[in-house]
Amino acid sequence: MIFPPRIQLAQLPTPVETASRLTAHVNGPAIFVKRDDQTGLAFGGNKTRKLELLIAEAQQCGAGTVITAGAIQSNHCRQTAAAAAKFGFDCTLVLTGEQPEQPSGNLFLDQLLGANIVWTEGQSRDKILQATYDRLLDQGKEPYLIPYGGSSPTGAIAYALAMQEFINQNLHADWIVVASSSGGTQAGMVLGAKLFGFQGRILGISIDEPADILRERVAMLATASAIQLGVTASFSPEEIFVNADYLGQGYGKMGDLEREAIRIFARLEGLLLDPVYTGRAAGGMLDLVKKGFFARGSSVLFWHTGGSPALFAQPYQNNLS
Ligand SMILES: *Cc1c(COP(=O)(O)O)cnc(C)c1O
């Protein structure tokens with residue numbers, strides 16, 4: 001295996017907690033939580049691990065600016081802005097929508113971290129991203145483009161390494177449940193499971209994509225990451241576990257499922273989820289427990305991917321209080 005260069009950003013290994021009160025409450029499988037909300041870097045989350053490889057790649061390319069795109073409450077953008085600040089890069093973020101009157105949550109942090117923000121204002125995100133990239137190139141800013149969610153094959157490799165970390169923690173899990181969106185996290189886990197011998201299954205709760213599209217994306221990314229590592233492992237969509245039953249009203253729309261899960265985790269475990277990703281994934285997991293999806297006596301690891309700063313985004317905060 002040829003590992004790509006990596007800088008140090010994350011506090012690793014992240015701990016695994018036993019969620020005893022939650023386990024008693026659901027009266028089903030034993031539930032554990034892998035605390036990747038505690039990776040560090042401006043409130044932590046799964047993007048810290050990816051950025052250890054992505055920022056290293058930017059350095060290798062001799063970049064001066066990192067540019068990426070996301071939603072207004074993107075955790076990926078917030079963490080990219082923090083990593084850029086720490087390693088002396090300029091950072092440009094292309095965010096969907098328009099500048100709100102009162103920036104809050106992740107957007108407030110993006111600005112605090114010194115990112116330049118470009119709004120799509122109703123135009124296509126990819127078009128504005130390309131135009132912004134071209135402008136930075138013309139200005140001699142030597143931009144390095146990080147794809148949506150940091151989910152390039154390089155970014156995904158970080159989660160193959162995270163699986164190795166979990167395996168080395170010597171804790172049993174029949175299932176890992178994780179929020180899955182741009183797919184890099186799940187792809188890396190699936191690759192790591194194969195490379196380092198994880199016996200359980202990895203279930204991605206889709207945040208915003210139909211199951212077939214997400215399965216295909218995860219399989220393609222996992223295969224591409226394997227190629228980059230120089231190992232022979234290929235993945236087909238049929239071997240990827242995805243559940244897309246919890247898309248609700250769409251991306252970023254918090255409903256009863258998310259609100260309930262956020263409250264249950266907060267009040268039984270003192271754990272803070274987020275309204276967009278982990279609230280939905282945990283809500284899905286709790287519903288699946290209710291439906292008997294996980295066998296009694298089995299153990300389920302909820303891989304907490306972070307995102308709690310979005311709790312302080314005004315619309316979500318109003319909706320939760
Ligand atoms: C980005 C993100 C995810 C999804 O990870 P992907 O690699 O894009 O699938 C899950 N949870 C949180 C909190 C995130 O910010």
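Alongside Ile146, the hydrophobic cluster contains Ile7, Leu9, Leu41, Leu51, Leu54, Ile55, Val66, Phe87, Phe89, Tyr144 (criterion: ILVMFWY side chains under 4.5 Å). In this structure, Leu136 shares a hydrophobic cluster with Ile67, Val94, Val118, Ile128, Leu129, Tyr133, Leu137, Leu145, the cluster being traced through Ile, Leu, Val, Met, Phe, Trp and Tyr side chains under 4.5 angstrom apart.
For the side chain to side chain donor-acceptor pair (under 3.5 Å) test with Thr154, the passing option among Arg6, Lys50, Glu57 is Glu57; the others fail.
Going from atom CG of Asn243 over to atom OG of Ser206 covers 8.5 Å, rounded to the nearest 0.5 Å. A distance of 5.5 Å separates CD in Gln99 from CH2 in Trp119, rounded to the nearest 0.5 Å. Taken from CG in Leu271 to CG in Leu22, the straight-line distance is 8.5 Å, to the nearest 0.5 Å. The OH atom of Tyr277 sits 9.0 Å away from atom OG1 of Thr305, with the distance rounded to the nearest 0.5 Å. Between the CG atom in Leu229 and the CE atom in Met1 there is a gap of 7.0 Å [rounded to 0.5 Å]. How far CD of Gln169 is from CZ of Phe32: 12.0 Å, rounded to the nearest 0.5 Å.
Both Phe312 and Leu320 belong to a common hydrophobic cluster when Ile, Leu, Val, Met, Phe, Trp and Tyr are linked at side-chain heavy-atom distances under 4.5 angstrom. In terms of hydrophobic clustering, with Ile, Leu, Val, Met, Phe, Trp and Tyr side chains grouped at heavy-atom distances under 4.5 Å, Ile264 and Tyr246 are assigned to a common cluster. There is no path of hydrophobic side-chain contacts, each under 4.5 Å, that joins Val300 to Trp303. Put simply, Val16 and Val33 are part of two different groups of oily side chains (I, L, V, M, F, W, Y) that touch within less than 4.5 Å, one to the next. By the rule that hydrophobic residues join a cluster once side-chain heavy atoms approach within less than 4.5 Å of another member, Phe198 and Ile31 end up as members of separate clusters.
We find that Asp36 and Arg49 are joined by a salt bridge, their nearest charged nitrogen and carboxylate oxygen being less than 4.0 Å apart. Classification of Arg259 and Asp256 as a salt-bridged pair holds, one side-chain N sitting under 4.0 Å from a carboxylate O.
Residue pairs meeting the salt bridge (charged side-chain N to carboxylate O under 4.0 Å, His left out) criterion with at least one member in residues 73-82: none, sequence neighbours excluded.
Residues Ser180 and Leu214 form a side-chain contact, since some pair of their non-hydrogen atoms from C-beta on lies under 4.5 Å apart.
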Given the rule in the side chain to side chain donor-acceptor pair (under 3.5 Å) test, do Thr14 and Gln38 qualify, once you have shown the distances and angles that lead to the verdict? CA-CA 7 Å; Thr14 57; Gln38 300 288 304; over 6 Å; no

Could you walk me through whether Gln130 and Asp126 pass side chain to side chain donor-acceptor pair (under 3.5 Å), step by step? CA-CA 6 Å; Gln130 186 64 52; Asp126 289 345; over 6 Å; no

Run the side chain to side chain contact (heavy atoms under 4.5 Å, CB included) check on Ser151 and Leu221 step by step: do they pass? CA-CA 8 Å; Ser151 286; Leu221 258 173; 4.0 Å; yes

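Counting heavy atoms of neighbouring residues, nucleotides and ligands inside a 6.0 Å radius, atom CZ of Arg263 exceeds 12 of them. At most 12 non-hydrogen atoms from other residues, nucleotides or ligands lie less than 6.0 angstrom from CD of Gln249. The number of heavy-atom neighbours closer than 6.0 Å to CD of Glu216, taken from other residues, nucleotides and ligands shown, is 12 or below. Within 6.0 Å of the NZ atom in Lys86, the count of heavy atoms belonging to other residues, nucleotides or ligands does not exceed 12. In Phe108, the CZ atom is not crowded: 12 or fewer heavy atoms of neighbouring residues, nucleotides or ligands sit closer than 6.0 Å.
Remark: Lys194 is positioned above the aromatic ring of Phe235, its terminal NZ or CZ atom under 6.0 angstrom from the ring centre and at most 45 degrees off the axis.
A perpendicular orientation is assigned to the rings of Phe241 and Trp175, their planes being inclined by more than 60° (bins at 30° and 60°).
Among all heavy-atom pairs drawn from Leu191 and Ser225, the shortest one is CD2-CB, 3.6 Å. Heavy atoms only, all atoms of each residue included: Ile157 and Pro4 are closest at CD1-CG, 4.0 Å.
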